[in-house]
Q: 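Quick one: structure below, then a few questions.
Here is how names work: the chains are called A, B, and so on, in the same order as the sequence lines, proteins then strands, and each is numbered from 1.
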Amino acid sequence: MVKVQVDDVIVDVPPGSSALQACEAAGKEIPRFCYHERLSVAGNCRMCLVEVVRAPKPVASCGFPVGEGMIIKTDTEVVRRARRAVMEFLLINHPLDCPICDQGGECDLQDQAFGYGSGRSRYLEEKRAVVDKDLGPLVKTVMTRCIQCTRCVRFSTEIAGTPELGAVSRGESLEITNYVEKALTSELSGNLIDICPVGALTSKPYAFHARPWEMKKTDAIDVMDAVGTNIRLQARGASVMRIMPRVNDAVNEEWLADKGRFSVDGLTRRRLDTPWVRVHGKLTKVSWQDAFVAIAQRLKVVPGNRIGAIAGDLCDTESLYALRLLMESLGSANLDCRQDGAQYDVSNRAFYTFNSTIAGIEEADALLVVGAVPRHEAPVLNARIRKRFLAAGRDKFPIAYVGAPPTDPTYDYDLIGEGPSALADLLDGRHAFADVLAGAKKPMIILGHGALTRPDAQAILAACWALADKVGALTPDWHGFNVLHTAASRVAGLDLGFLPGAGGRTAAGMMSGGVDVLWLLGADEMDMHRIGPETFVIYQGHHGDAGAARADVILPGAAYTEKSGTYVNTEGRVQRSFQAVFPPGDAREDWRILRALSETLGHALPFDTLDALRARMEAEHPVLARLDTAPRFGGAGLAAPAAEGAIGSEPFHPVIADYYETNAVSRASPTMAECSRVYARPALVQAAE
Amino acid sequence: MMAMANLGTRFHTMLKGRLVGRDADGRAYYESRTANRTGGGLKRHERWVIYHPGEDASAVPAEWWPWLHHMQDAPIPESARKGWQLSFKPNMTGTPAAYTPPGSAARGGRRARTTGDYEAWSPDEA
Amino acid sequence: MSSRSPAEEALQPAEFAFDAESEAQIETIVAKYPPARKASAVIPLLYVAQNQMGRLSGSAWLPRVAMDQIAARLEMAPIRVYEVASFYFMFNVRPIGRYHLQACTTTSCWLRGSDDVVAACKTATGIRHMGGTSDDGLFTLTEVECLGACANAPILQIDDEYYEDLDGPRTVELIEALRRGERPAPGPSIDRMGSAPSGGRKVLLDDDVPVSVPGEGV
């Protein structure tokens, strides 16, 4: 540790820290524009100037390494004058358009101009104007506001791994551009808006909608993928205006994937706001009571084993639990939370979670991806893989894919096979990558749903486990076997046992006439035509999508922004999300609907409040009571999952064809539809040719 | 009398305190007999209140609040109370009487439509 | 629109391929760098591409497809190549005339009459403003900073050659010669050898006398 004195405070910082980090450790706030904790140091804004004793002039603290006994002064007249001068230069070409700028109120330049800005300009020459760039449907540019901090260039190069932005030309004509008028191709492009310290890059869909100080902020969890990204919902009045990431170094650092950020306008469209009942083949608006009566009448004549329930991908754990209890009280064992037909071994939680943990990726030294496309299935997790790839250095973090990724995964990789036969090669040691994995101290295997949704999923799972065991990925202090989920509700469903009970039918069995009454809890990602015409379908959910169109009774529920809920991410991390706004119209929180209906059916569920529900759920499933932790545990000494059947030879196919439209909320979003048109459709058309 | 106070506070009140007065609800306000505290650069009397059981600090009425916080030398008399001043209501958070915004299920789950509100789905569009 | 911004889509050729001559040059250039650091070869390769464009099309500039080619060869992101190409004034990211007139207007040249040289360039070619190309497409006039040949001010650099000690009439003459397809010899346009004094030697006229320099032995 190096001892540094900052003003009057003496701090110990690790060697190699910058002066700015020492100042932060001492609790001194240093103004900055170009410096960002998670990006490389550029040192081009000069705002972070401090005085170092015995240095001849002020130094830029972000790029100045500390030395033993260094004395830093952060608040002297020299420093203040230097920062004022820097600010004056920055403001020379910056337009005075704060009143019409979306960054107003959360602008670093605006905030710091309060401290260091001059009240008037001495600049009489012509100001510079820069042509705006077209960066696609998500990021709006007003390039005249740009102060050339190059945070966006570094973000797209380092974090997103799509080096498309650059600083072209020089001197006064320097511009941030992608040179070609082309939309950004990153699934993380929304984060450019957050890291831009001024209003040069702002959100296009949110342009001119609201001001930051008007909004009520609520902490929540993103449900667009299974990463469990920590988000902050910003609501004004009755609607969520925008979604921004929260810092959680264990999960998402401070990034948020575009689908989670920009699907927000889908939350106010195609909403189910009233119960519907199909009368003579036509859906009719009814009251809650009438809807319940219609269900009760139908259920009266159906035996318990002819009732089934399928849960969708966006459900909170509480409603899954309530529905499971209701089904059990009706005498049904037909439960399934796997609408995509995936197969798991639920005998041990380690067989279906991401055991290395997301933060653990940064310790791994070899990676095998089997039947997964992390870039589309979990963009933020993919950024963590890229972070590890860059930090490890050349050839120190070898990555191999089984199953070709449809796009550049943003790091170097070896493709060692299109189908699962490559696993056999690895197990036999015939492929050279088996030695790479065996030679690594902390190898990782990520198993995705491209593999788990196949008929031979159990065998592939067992083969991956065997491989992990063989290459030493399962040791007392390292667990290198990981399942990457794509559905936010899946791990919770598996934890709760929302699966076929004894004699129960799977989702496919229920759809093909196995039940007479089918309850769809937000389940839309299935081919509804496979449900027989005589099956009575109850759809409980928040969006009018495939499920609602097929339903005989629709019960309007709450979207993830409209209810307090618990979500379990792919690591098995239990996180709680809070209610930001109320459900529209007559829609209600899902557990409340189930509780009310259970009373009508004469099987009243044993709780009246959400707290009582949670207490009961946590007593029954203690794993759900461990909030915000994903305990790291070694993988040694575990029995292997059951191997059933033989491995097929068909190549792996990605489970996500169009990243921007994977669930009812994103399909209702005009922004996501536009992204799909710009990004996914051309690729789909090409793939079809 | 001495309704809510632990033993230490009671001794302190007995030994050092001088009863200044009571508010309309009967809470007792004390001042130390000697100017034993420094505040605002001056030696001054310590001032404290004995609450009713279970109350939090928001229970001090407006008449006594400035005196208690050394903003005024004497409490405002009850007679100065205006007709539009509401009587004190304790903080109800965490109780069934807690504030719920319009639209909450606890208030019937109905809220007025607002601008920029949602678009409802209808079976015809599917 | 600055002269450093890329050319419009309509001007961009659809494709670009290095010819045999360029390939030979690239081979020697890339061999100089370790394989893991081959991105270092970007500036020489940009020159190769620009020269090939000049050789084949008569306009030495860098179309985007050429920069994409270089990026692919050196395994770098295309934007990194655009950044380099647009940073240096030696690379033209927009089409130019067959002859690139680069007039130095920095202090030394300006004091020695670069205004006359610029004016002569404009009248002889019909170019109206700096950065413009003549209507016949033969000449592009660019204002450049110090070319480091102040002893021979004013300077006009044409493509890679320095034409020195110019004045208005001699500039016009030079341009007319280029228009006729000639390439006058580069160097001083007056009676002078390199940076030696004009009109012959001014000192050491007597070669036979031994020279004594103060502070040194004879």
Q: What is the minimum heavy-atom distance between Trp121(B) and Trp276(A), and which atoms define it?
A: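 So the two residues come closest at O-CZ2, 3.7 Å.
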
Q: More than 12 heavy atoms of other residues, nucleotides or ligands under 6.0 Å from NZ of Lys16(B): yes or no?
A: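 Count not over threshold, so no.
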
Q: Take atom CG in Asp73(B); do more than 12 heavy atoms of anything else shown fall under 6.0 Å from it?
A: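 No, the 6.0 Å shell around CG holds no more than 12 heavy atoms from other groups.
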
Q: When you look at CH2 of Trp65(B), are more than 12 heavy atoms from neighbouring residues, nucleotides or ligands closer to it than 6.0 Å?
A: no

Q: From Arg271(A) CZ over to Glu119(B) CD, what is the distance, rounded to the nearest 0.5 angstrom?
A: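 Arg271(A) CZ to Glu119(B) CD: 11.5 Å, rounded to 0.5 Å.
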
Q: At a 4.5 Å cut-off on heavy atoms, which part of Arg588(A) comes close to chain B: side chain, backbone, both, or neither?
A: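 Contact with chain B is through the side chain of Arg588(A) alone.
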
Q: When you look at CE of Met71(B), are more than 12 heavy atoms from neighbouring residues, nucleotides or ligands closer to it than 6.0 Å?
A: no

Q: When rounded to the nearest 0.5 angstrom, what distance separates CG in Leu267(A) from OH in Tyr118(B)?
A: 14.0 Å

